[in-house]
Number of protein chains: 2
Amino acid sequence: MKQQTPDILQQMRDRLIMAHYRLGQKLRPSEVAAEFEVSANTIREIMLRLSAEGLLDYEDQRGFRVVGASDRLLHEITEFRIVLEQCGVERSIARGGIEWEAQMAAAHHKLSHIEARIRRTGDVVGVLKHWNDAELDFHLSLMGAADLPILQQSFRTVYARFRQQIVSPERSYAHREGNIIEHQRILEAALDRDVAASHDAIYRHLRRNLMPEPDARSEDTMTA
Amino acid sequence: MKQQTPDILQQMRDRLIMAHYRLGQKLRPSEVAAEFEVSANTIREIMLRLSAEGLLDYEDQRGFRVVGASDRLLHEITEFRIVLEQCGVERSIARGGIEWEAQMAAAHHKLSHIEARIRRTGDVVGVLKHWNDAELDFHLSLMGAADLPILQQSFRTVYARFRQQIVSPERSYAHREGNIIEHQRILEAALDRDVAASHDAIYRHLRRNLMPEPDARSEDTMTA
DNA sequence: AATCCCCGAAATTTTGAAATTTCATTGCAA
DNA sequence: TTGCAATGAAATTTCAAAATTTCGGGGATT
């Protein structure tokens, strides 16, 4: 028995993000432990960490459960994600140099290569992990010059929770062709050092995951 | 042996925030376990969760360590905290009603009561926990109408890490009289629904924890 | 003197089982 | 029939010990 906790932790994270388990499904340490051929306690520790990241729900004496599908939750995660990304690009535009631009271009190149391949072959599942990693890298590269690691770390966990909600069998995988264009728009705006355009491009990229706004004109905004 | 993990988790969190352990100190599960009279494994689980919150450092096979004091880290935490708070107030101003205003006023009232008492008696340690809770409540109330629980949760953990860095024996406890005025300024700006003034008041409240800026005029911003 | 290697002590990680709590089912009474 | 209590099975939490890894101190070789 060697040290395999880090591996298993990452594998579990991937599973939760890539819909290996159903949303809302109960997850028993003993069952998962059997899959990985380790003891239940080892898995329990891993699951406690994953609940701290927001990928699992945990209640005392009641065990673990994959976070459930929820339009409201997806809306909140998306809003927060937009905030972090807009903040990240804005700071990067202010600080970043040629190095930053090069990293964005590189990340976008890899991403669009994978996206083109998906459009061609129609196979999403086979390269889903690669696409996930590439999209995360691209969005991280946007805030790569923000000089605020804590922002990137925060983004990572929010991004994971976002994917968890999006990549469920119920929802479409969201590999629409729009994505390719939207990513390009984001890249161009960032390279142009145009803060407003960047904000807008990010918003447009994510807005379809927001819930319809409650009518702003209604009186009861100030409910007591 | 009853269920006491939630208690111990909260106590440990308080200890880490209130300088019960030194920053950077090594923390052995077995030793802490002896203090609380539970087994080492129980504490280990708690510590794993606390490292996910960023209050402990954890390295495989090397155990746990209280996060060390670092000007750079405090700077980053502060910058991120400012981002979250400014975002929170801005959204609250847009959405909040009379209920929100009342909650801010209430939280500020409690906080200034404690701060006045501290100024009078000079005793900080005795009411440090109360002050912490009150200040957190106040800052949370600023974003109370933002309608984004995920933002509040994120702020809670960042605030905890901020306190951990600030409330160390080395640094002054930072219970300067300036605090009282600054809190008042923040409250007034929020009640005035003045976004710019709110942003400014929050920045002024926290800026002394930022590191001096590198000279913006220097050439090597674009270091390769 | 400096470096490397080996060994023992101490700490970390994993395990399997005991203790406790929750959950569902059945039986009893209103 | 409905509601409640009791019971037993299953799951969770805690524990203590075994297995593994790290850390540090000689001792031999260069």
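Keep in mind that what you see is a predicted model, and the values were worked out from it rather than measured. Residue numbering restarts at 1 for every chain, and letters A, B, ... go by the order of the sequence lines.
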Separation of dA11(D) C1' from Tyr58(A) OH (nearest whole Å): 12 Å
Length of the line joining Arg28(A):CZ and dT13(D):C1', which is rounded to integer Å: 15 Å
N or O in side chain of Lys26(B) less than 4.0 angstrom from dT12(C) OP1/OP2: yes
N/O (side chain, Thr5(B)) to phosphate O (OP1/OP2, dT14(D)) under 4.0 Å: yes
Results of ring pair (Phe, Tyr, Trp, His ring centres under 6.0 Å) for Tyr203(B) - residues two or more places apart only: none
Residues two or more places apart in sequence or in another chain: which of them pass side chain to side chain contact (heavy atoms under 4.5 Å, CB included) with [X]?
X         : value
Gln103(A) : Glu99(A)
Ser39(A)  : Asn41(A), Thr42(A)
Ser112(A) : His108(A)
His20(A)  : Arg15(A), Glu35(A)

Which residues share a salt bridge (Lys or Arg N to Asp or Glu O under 4.0 Å) with Arg81(A), sequence neighbours left out: Glu85(A)
Strictly under 3.5 Å: I want the nitrogen or oxygen pairs between protein and nucleotides 7-9 of chain C, one per line.
none

Electrostatic pair Glu76(B):Arg72(B) at N-O distance under 4.0 angstrom: yes
Within residues 32-49 of chain B: residues closer than 4.0 Å to DNA chain C (heavy atoms): Asn41(B), Arg44(B)
Closest nucleotide among dT12(C), dT12(D), dT13(D) to the Asp60(A) side chain: dT13(D)
For Lys129(A), side chain to side chain donor-acceptor pair (under 3.5 Å) partners two or more places apart: Asp133(A)
